[in-house]
Each structure stands twice: as C-alpha cells, then as structure tokens.
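Inspection log for the structure reproduced underneath, given as structure tokens.
Here the structure is a predicted model, which means the values were calculated and not measured. The sequence lines fix the lettering, A, B, ..., with proteins before strands; numbering per chain opens at 1.
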There are 2 protein chains.
Amino acid sequence: MSKIKPGKNNSSKEVIVKKAAALFRQKGYKAASMRELAETLNIEAPSLYNHIGSKSELLQDICLKVADTFTANLVNIEKMQGSIIGKIEAIIRFHIKMMLENFDEVFVANHEWKHLQEPFFTDFLNQRRNYEKRLMTLIERGIQKKELEKNNSYIVVLTILSAVRGLEFRQRHKKNISAKILEDTMVNQLLNGIVK
Amino acid sequence: MSKIKPGKNNSSKEVIVKKAAALFRQKGYKAASMRELAETLNIEAPSLYNHIGSKSELLQDICLKVADTFTANLVNIEKMQGSIIGKIEAIIRFHIKMMLENFDEVFVANHEWKHLQEPFFTDFLNQRRNYEKRLMTLIERGIQKKELEKNNSYIVVLTILSAVRGLEFRQRHKKNISAKILEDTMVNQLLNGIVK
DNA sequence: CCTACCGATCGGTAGG
DNA sequence: CCTACCGATCGGTAGG
C-alpha cells in the first residue's frame, strides 16, 4: 500500500525530495535526520529507501535542479534582444521570483551545497563559477556600451548575487509586502540606488 | 603541560573559540566534530572540556560576540553627527570590514545561529530584529529629510543586509581586489546604483 | 592533558 | 511498507 501519494505530475521520489527540501532548509542538511523526514511522510525511515538511494542523493537532486533552472534562464536571457540593463533586471527578477516561489529548494541550494559529495560538489561549484563569469561579461558589456557606470564587474556581480541569494522573508507577510513591490524595490536599489 | 598556548591577550578558551569558528565555517556547526576541533589543537577531544563547557557554548560565544560588536557599532553611529546617508554608508562599511577581518566568526554568526540553544537562540534573534528595526528607522528618517528616495524601508534594509551578510570572497585575492575598492564599489552600488 | 569508555543517534541493510 | 538490527560516529564523563 502506497502511503506516499504520487500525483500525475510527481513521482513518489519527487514527493520525498520536496519534503526533504523543506526539512533541510529548516534544520540544515546535517542536522536533518532521515527518521524526521520519514515522519513528515508518515512512514518508517527504512521505507524511504524503496524510493531513493541515499540521503545525499536528495541533496543532489535539490541542488542540481536549482542550478540547472538558473542556468537555463541565463541562456534564455543572453539570447534576448534589448539593452544590457534590461537583461540584468530580468536576471535579478528571476532570482527574486525563484526565492519567493521555491524558497526551500533555492535556500538549500544556496546554503547546503557544501555538503554535496563528489563529483556533484565540483560540478555544482563549476556551474556556479560559470554563472558568475557570464554575469560579469554582461556587466562589462554594459560598461562598454555606456549603459552602466564603470565599476569592477566582479564586485558588482558579487553584490547582486549576495543580495538575491541571501534573501529571507521572515516578516514579509506580516508587513503585507507584495511580490511585485519586493521585486521592484530591490531591482531599483541594485540598479539605481536609494539616494535622492 | 599546556599544549594550547594562551597569549597575553587571549586565554586558552579564546584560542579554542577561534579554531572552532574556522572549523564551523568550513564544515558547518553540525558537521564539525569535537574530535576534529581537538586535532587542530593537537590534543585529544576530552581535553577540550578542561577549557570549555560544551560544543554549543562555542557557538554561543561566537554568535553573541559578533552580534554585540555590530550592535555596539550601531549605537556609536546613531550618536554621530552628520547626514543619514553618511551613517548608512558607515554601517555598510563596517559590515564589509568585519567580513574581511573576521570572516570565520561573522560567517558562522550569519549562517549557523539557527543551531543555538535556548535561551541564546531567542536572544540572538531578538537582537537581530532590533538591529534591523533601527536600520529601518534610519532609512525612514533619510526619506523624511529628502536625502533618500521614497522606498519601502523594510525592503531597503533587507537588500543591504542580504548583500553584506552573504559576502564571500573566494576569488578576491586571485583578482587582486583591495579591501578599499571592494568597500567603495559595494557602498556605491547600494547607495547610488550602477546605471549611468 | 590522557586513556578508557558510555549512551544516544545516525544512515542504511536484511528479510519478509 | 514494516520490524529488527548493524557498524560508525557523535558529544561528553570518569578517573587519574
């Protein structure tokens, strides 16, 4: 009898990965136990292994899927027509949207990837470096085209990514802040600053 | 025979805390073992307990000291004369300096504080919320005084803190980026943006 | 500061 | 999907 209910668009494993993302985000990968994960699914821990290979496989699934999503988005944006500023804006907006809509997964990919085992650790790190390098190239082209002020592109990318990756929204709903306002304000600050 | 060498300005415990910060940053609090920590000090694990009370006490020392340092700086800046913009700039610069000069401790305080035990967990969280609230007040005063554009102060604070707290400098030395350039560029982006 | 050791918990397997 | 269980590792103590 299947207690984990796969739907039409998700397998049993996907149900487990989703719960794992939530648990890993709350407790951290190392502090989250497979017994706890099983409990959220109302099964015993050993039953998990009928659907998955190992704990670290769950982390791999989460991190690699997030990384691929961001990379795929970047590829699309690079192909787009339009100004460099428009592209950078689109990238920042995508990061914020992902954070809002897939918080557990993105948070885990951002904060727990150091627990990946090889070769996934190296793959993930390389993909991340490649992503940052391509953002730097975009910034540099914006400077050449006089759309952007002349700044060290590495630091500009560092600042943008640091800001969007570290996002947490503890108080967002209490403060009644819509996704649109959050996006608009952050994009505007990172592109145009806050000084009058 | 004391194998942990306390100096004039640091006790045995402070030597251990320093090594613990480095280890917790690299592996994460939960994944770092007391046996590993002992190894970095060339002693056996049980010997640690002649100098410290517990593993979680090490995390407390690190997190509370960092939090107090930031709070003390904020108190000083609030007392300062000068524009709101000047104060916000000083706060951002302090964050970056702390990240550069005390990377292990600040990183651990930013990323591992969820593993604090009560009542330290709640104390830390409250101190953090208080810090954010006071930054918001500063932003709001800047808007009133027409120094800053009208923006949601919560989001502005979120963006600034997210950017400075998430900083990592993996490639900084390879890219020959001085602390001054890093500080100046980040402050400038967060205050004035990057668009020409 | 060390040796010897403990109870708890972990990820995971065997077998049904 | 479960019960029963294993070896490894953990934080920490006793006693010297």
Side-chain angles (χ1 to χ4, degrees), chain A residues 1-7 10-24 26-63 108 112-118 120-121, chain B residues 1-7 10-24 26-63 108 112-118 120-121:
Chain A
M1 188 93 81
S2 179
K3 293 176 83 172
I4 302 173
K5 295 271 169 58
N10 52 10
S11 63
S12 298
K13 181 169 174 182
E14 283 165 345
V15 175
I16 296 174
V17 171
K18 187 81 198 167
K19 291 278 190 184
L23 189 66
F24 293 171
Q26 283 167 35
K27 317 261 274 185
Y29 174 73
K30 278 287 179 180
S33 77
M34 296 304 273
R35 285 160 174 81
E36 284 176 291
L37 177 58
E39 204 173 349
T40 69
L41 294 155
N42 295 312
I43 59 174
E44 298 299 319
S47 304
L48 286 168
Y49 294 88
N50 288 306
H51 305 285
I52 64 165
S54 64
K55 183 183 183 185
S56 76
E57 185 190 282
L58 294 171
L59 185 64
Q60 289 155 27
D61 277 24
I62 294 164
C63 292
V108 168
E112 305 293 331
W113 63 273
K114 68 179 159 203
H115 296 112
L116 285 169
Q117 294 178 345
E118 295 292 3
F120 305 99
F121 178 88
Chain B
M1 189 89 84
S2 179
K3 292 177 84 171
I4 302 174
K5 295 270 169 61
N10 52 11
S11 62
S12 297
K13 182 170 174 182
E14 283 165 346
V15 174
I16 296 174
V17 170
K18 187 81 198 167
K19 290 279 191 185
L23 190 66
F24 292 170
Q26 283 166 37
K27 317 260 275 184
Y29 174 73
K30 278 288 178 179
S33 78
M34 296 304 274
R35 283 160 175 82
E36 284 177 290
L37 177 58
E39 203 174 348
T40 69
L41 294 155
N42 294 312
I43 59 175
E44 298 299 319
S47 305
L48 286 168
Y49 294 88
N50 289 306
H51 305 285
I52 64 164
S54 65
K55 183 183 183 185
S56 76
E57 185 190 281
L58 295 171
L59 185 63
Q60 289 155 26
D61 277 23
I62 294 164
C63 292
V108 168
E112 305 293 330
W113 63 273
K114 68 178 159 203
H115 295 112
L116 285 168
Q117 293 177 345
E118 295 292 4
F120 305 99
F121 178 87

In residues 13-22 of chain B, what donor-acceptor pairs under 3.5 Å come from side-chain atoms, sequence neighbours left out?
{"residue": "B/K13", "atom": "NZ", "partner": "B/E57", "partner atom": "OE2", "Å": "2.8"}
{"residue": "B/K13", "atom": "NZ", "partner": "B/D61", "partner atom": "OD2", "Å": "3.4"}
{"residue": "B/E14", "atom": "OE1", "partner": "B/S11", "partner atom": "N", "Å": "2.8"}
{"residue": "B/K18", "atom": "NZ", "partner": "B/E105", "partner atom": "OE2", "Å": "2.8"}

### Message
Restricting to salt bridge (charged side-chain N to carboxylate O under 4.0 Å, His left out), what partner residues turn up for B/E39, sequence neighbours left out?
### Response
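By the salt bridge (charged side-chain N to carboxylate O under 4.0 Å, His left out) rule, B/E39 matches no residue at all.
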
Give the rounded distance in Å between these two atoms: [atom1] of [X] and [atom2] of [N].
X     : N      : atom1 : atom2 : value
A/E36 : C/dC10 : CD    : P     : 7 Å
A/I43 : D/dT3  : CD1   : P     : 12 Å
A/H51 : D/dC2  : NE2   : C1'   : 12 Å
A/F24 : C/dC10 : CZ    : P     : 13 Å
B/K27 : D/dT9  : NZ    : P     : 12 Å
A/L41 : D/dC2  : CG    : C1'   : 15 Å

### Test side chain to side chain donor-acceptor pair (under 3.5 Å) applied to B/H115 - qualifying residues, sequence neighbours left out
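With sequence neighbours excluded, B/H115 shows a side chain to side chain donor-acceptor pair (under 3.5 Å) to B/E112, given in chain and number order.
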
### Query
Does B/Q26 have any side chain to side chain donor-acceptor pair (under 3.5 Å) partners at least two apart in sequence or in another chain, and if so, which?
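For B/Q26, no residue satisfies side chain to side chain donor-acceptor pair (under 3.5 Å) once neighbours in sequence are set aside.
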
Protein and nucleotides 11-16 of chain C: nitrogen or oxygen contacts under 3.5 angstrom:
{"residue": "C/dG11", "atom": "OP1", "partner": "A/A32", "partner atom": "O", "Å": "3.3"}
{"residue": "C/dG11", "atom": "OP1", "partner": "A/K55", "partner atom": "NZ", "Å": "2.9"}
{"residue": "C/dG11", "atom": "OP2", "partner": "A/M34", "partner atom": "N", "Å": "2.9"}
{"residue": "C/dG11", "atom": "N7", "partner": "A/R35", "partner atom": "NH1", "Å": "2.8"}
{"residue": "C/dG11", "atom": "O6", "partner": "A/R35", "partner atom": "NH2", "Å": "3.0"}
{"residue": "C/dG12", "atom": "OP2", "partner": "A/Y49", "partner atom": "OH", "Å": "2.8"}
{"residue": "C/dG12", "atom": "OP2", "partner": "A/K55", "partner atom": "N", "Å": "2.7"}

Could you tell me the separation between the [atom1] atom of [X] and the [atom2] atom of [Y], rounded to the nearest 0.5 Å?
X     : Y     : atom1 : atom2 : value
B/L37 : B/I52 : CG    : CD1   : 7.0 Å
A/I43 : A/H51 : CD1   : NE2   : 5.5 Å
A/L23 : A/L58 : CG    : CG    : 10.0 Å

### Task
Mark yes or no: B/K55 above the aromatic ring of B/Y29, with NZ or CZ under 6.0 Å from the six-membered ring centre and no more than 45 degrees from the axis.
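Pair B/K55/B/Y29 counts as cation-pi.
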
### Query
What bend angle does the helix from C/dC1-D/dG16 to C/dG16-D/dC1 show across its length, from five-pair end axes and to the nearest 10 degrees?
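Nearest ten degrees gives 0° for this helix.
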
